[in-house]
Amino acid sequence: MNIVVAIKHIPSIADDLPVKGNNVDFDSVDFVLNEFDEQSIEQAVLVKEAVGGTVTVVGVDVIGELDNVLHLALAKGADKAVKITGDDPAADSHQQAKWLAEAIKGLSPNIVFAGVQASNDLDGQIGPMIAAYLDMPYIGGVSSVEVSDHTATVNKEFAGGFGAKYSVSLPMVVGVQAASKPPRYAPISKVRQVAQMATIEKVAPSGGVSSGLSFKKMAPPVVTGHAEMIGGSSKEVAAKIVELLKSKGLA
Amino acid sequence: MSNDVFVITEHMDGKFSDVSFEMVGKAKELTSAWGGQAVAVVVGGGAASNIFASDATIHVDDAALSQFNPEAYGKVIEALVKEKSPRLVMFGWTAMGMDIAAWLSARTGKPCVAYARDLCIENNALIVNSQVYGGKMIAEVAPEGDMVIVACLAGSFAVEAGQGSTAATQIASPVALVGLKTKFVEAIKPAGGDVDITAQAKLVSIGRGIGSKDNVELAEELAQKLGATVSSSRPVVDAGWLPRTRQVGKSGLKVKPKLYLMLGISGAPEHLEGMKSAELIIAVNTDKKAPIFNVAHYGATADLFEVAEAMLELL
Ligand SMILES: Cc1cc2nc3c(=O)[nH]c(=O)nc-3n(C[C@H](O)[C@H](O)[C@H](O)COP(=O)(O)OP(=O)(O)OC[C@H]3O[C@@H](n4cnc5c(N)ncnc54)[C@H](O)[C@@H]3O)c2cc1C
Ligand SMILES: Nc1ncnc2c1ncn2[C@@H]1O[C@H](COP(=O)(O)O)[C@@H](O)[C@H]1O
């Protein structure tokens with residue numbers, strides 16, 4: 001079974017996000033693996049462990065530092081890593097989806113995993129776009145995947161614990177919300193070891209499309225309401241919260 | 001091209017989601033400026049579709065559409081918009097809309113704006129405000145071309161403006177729904193057997209900031225002292241630190257307690273969907289720019305462990 005996982009390197013939202021021109025200043029933020037890709041790598045490795053095959057991770061190298069997350073994926077059980085040498089942090093989702101679709105086609109996948117979304121999209125998620133470009137069915141919001149023969153059985157979440165089970169004839173693209181088990185941890189020592197041994201295959205970007213969006217501006221939200229901030233040391237904060245709760249009959 | 005706005009509505013178990021009405025209301029506002037009709041599109045059976053304030057409602061039903069099926073629904077919507085060429089197609093940025101909006105964009109070559117929380121018309125052109133980076137940034141974008149797809153965050157517009165009684169026109173599927181690769185197998189119901197967080201007056205809600213499973217105990221202790229229950233954001237549940245029944249948000253439960261005390265939750269749009277109407281929201285977070293501070297009533301830039309431990313001593 002050829003299992004392909006698309007992984008994305010995105011600015012960490014735990015950081016300050018300075019703006020340069022009409023976008024986040026990519027030079028002054030840390031890039032991290034999209035949180036849902038961690039889930040989707042795990043789901044892919046679980047499928048491999050259940051039915052056999054190889055897991056190939058693929059990504060667009062938008063800032064020239066994708067190797068770090070590819071190594072992480074290899075340490076977590078992926079077998080092969082491919083990077084598309086995009087090197088354009090401003091490439092929109094449509095463009096990246098097209099590059100990915102072309103690269104993934106070359107890998108003859110039986111099943112493709114993507115994260116359900118990343119927090120930095122503007123023009124929609126890449127998973128369904130890859131599916132459209134590859135003419136494969138897509139289901140997102142998935143929290144478990146089982147594969148047998150040429151069929152995948154996936155659970156999709158709606159809300160409040162409601163969901164639906166679907167069976168899909170492969171190949172398909174799955175948008176992973178959560179793996180069926182919490183992702184395994186790869187110790188740094190293992191990632192370092194992998195980094196020394198691994199070879200990463202490079203693919204040139206191919207195919208051009210545009211999202212048709214033009215940015216007017218990007219800025220932190222204009223604050224209409226703001227919390228009343230409780231200042232002081234942690235002890236003082238705690239005392240004020242307790243006082244507040246008591247005054248409202250909540251403690 | 002027409003100046004019509006198509007709203008792709010959503011329903012489950014016979015009930016339309018609020019975001020459907022919200023979008024119909026917004027569509028009417030846009031078409032009153034633009035001309036054209038606000039058209040509610042209902043796909044699938046089992047729901048009374050004459051309840052929108054739209055100018056027209058199109059209801060497509062077929063046995064293959066009786067349950068949500070992203071492939072079948074996508075094909076129907078694609079055929080409809082290709083035939084009718086509306087100027088704008090609105091989806092909810094929901095479990096259903098997220099499967100189709102970007103797919104439709106790639107299929108039609110028309111632009112798509114995700115995470116939309118406002119749309120307006122300036123000089124006859126559409127401008128969309130989109131909330132990205134977990135709510136830390138707002139992008140203002142101008143989509144080009146004669147048809148635009150916009151996926152809207154639930155809770156962005158008023159529900160009432162979209163409620164009405166426009167009679168629906170029933171039509172057969174505009175595309176043959178044969179040879180589908182995706183089959184609906186069965187519905188999944190929520191797991192029972194745990195406290196119902198939607199029925200609690202007080203919640204102590206923990207996020208990724210709690211750091212590890214062992215630390216959950218601290219929140220449990222605090223909750224116990226306050227007569228509250230522990231709930232959480234999604235990552236806490238995905239990590240296996242709390243059961244799914246405790247998750248608040250878009251893919252979790254919607255809560256409206258008297259007290260929502262948040263420890264180490266950033267306030268991503270998906271979390272806010274589940275708790276923003278709580279009566280008293282207090283957030284403790286080390287990041288002074290955490291989006292939650294734009295929503296909470298009271299906030300403190302502080303370490304949750306220090307605050308929780310100090311509160312325990314005082315209670
Ligand atoms: C389709 C979809 C559905 C989703 N559904 C949901 C949902 O139902 N519910 C949900 O919650 N999320 C949902 N999400 C995920 C959502 O996008 C966010 O990833 C999630 O809400 C973030 O959770 P968090 O705030 O706990 O984590 P983070 O965003 O990582 O925030 C952790 C916060 O803790 C703070 N912190 C860290 N250490 C400390 C400390 N010692 N003291 C104080 N503060 C500290 C940090 O400053 C940070 O602000 C969904 C996502 C998708 C794509
Ligand atoms: N540049 C990229 N390289 C590889 N995969 C990507 C890239 N961008 C998006 N993806 C995939 O698409 C998923 C959703 O991301 P997004 O479409 O940006 O919301 C991610 O979790 C990845 O699986």
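Every chain is numbered from 1 and lettered A, B, ... according to where its sequence line falls, protein lines coming before strand lines.
For the pair B/Lys250 and A/Glu157, the salt-bridge criterion is not met [side-chain N within less than 4.0 Å of a carboxylate O]. Salt-bridge check for A/Lys248 with B/Glu279: failed, with every basic side-chain N at 4.0 Å or more from each acidic carboxylate O. A salt bridge between A/Asp16 and B/Lys136 is absent, with no side-chain N of the basic residue lying under 4.0 Å from a carboxylate O of the acidic one.
For A/Val209, no part sits under 4.5 Å from any heavy atom of chain B, backbone or side chain. Looking at A/Ile126, neither its backbone nor its side chain comes within 4.5 Å of chain B, counting heavy atoms on both sides.
A 4.5 Å side-chain heavy-atom check between B/Pro190 and A/Phe162 finds at least one atom pair inside the cut-off. Looking at B/Ile188 and A/Lys156, their side chains never come closer than 4.5 Å, going by heavy atoms from C-beta outward. Between B/Leu315 and A/Leu245 there is no side-chain heavy-atom pair separated by less than 4.5 Å. Two residues are said to be in side-chain contact when any heavy atoms from C-beta on lie closer than 4.5 Å; B/Leu226 and A/Leu250 fail this criterion.
Comparing A/Gly175, A/Ala251, A/Ala132, A/Gly231 by how many heavy-atom pairs each has under 4.5 Å with chain B, the most go to A/Ala132. Top candidate by heavy-atom pairs under 4.5 Å with chain B, chosen from A/Gln177, A/Met129, A/Glu228, A/Glu35, is A/Glu228. The choice from A/Ala164, A/Pro183, A/Gly124 that makes the most heavy-atom pairs within less than 4.5 Å of chain B is A/Ala164.
A/Gln125 and B/Trp103 are not linked by any side-chain donor-acceptor pair at a separation below 3.5 angstrom, with hydrogens and angles left out of the test.
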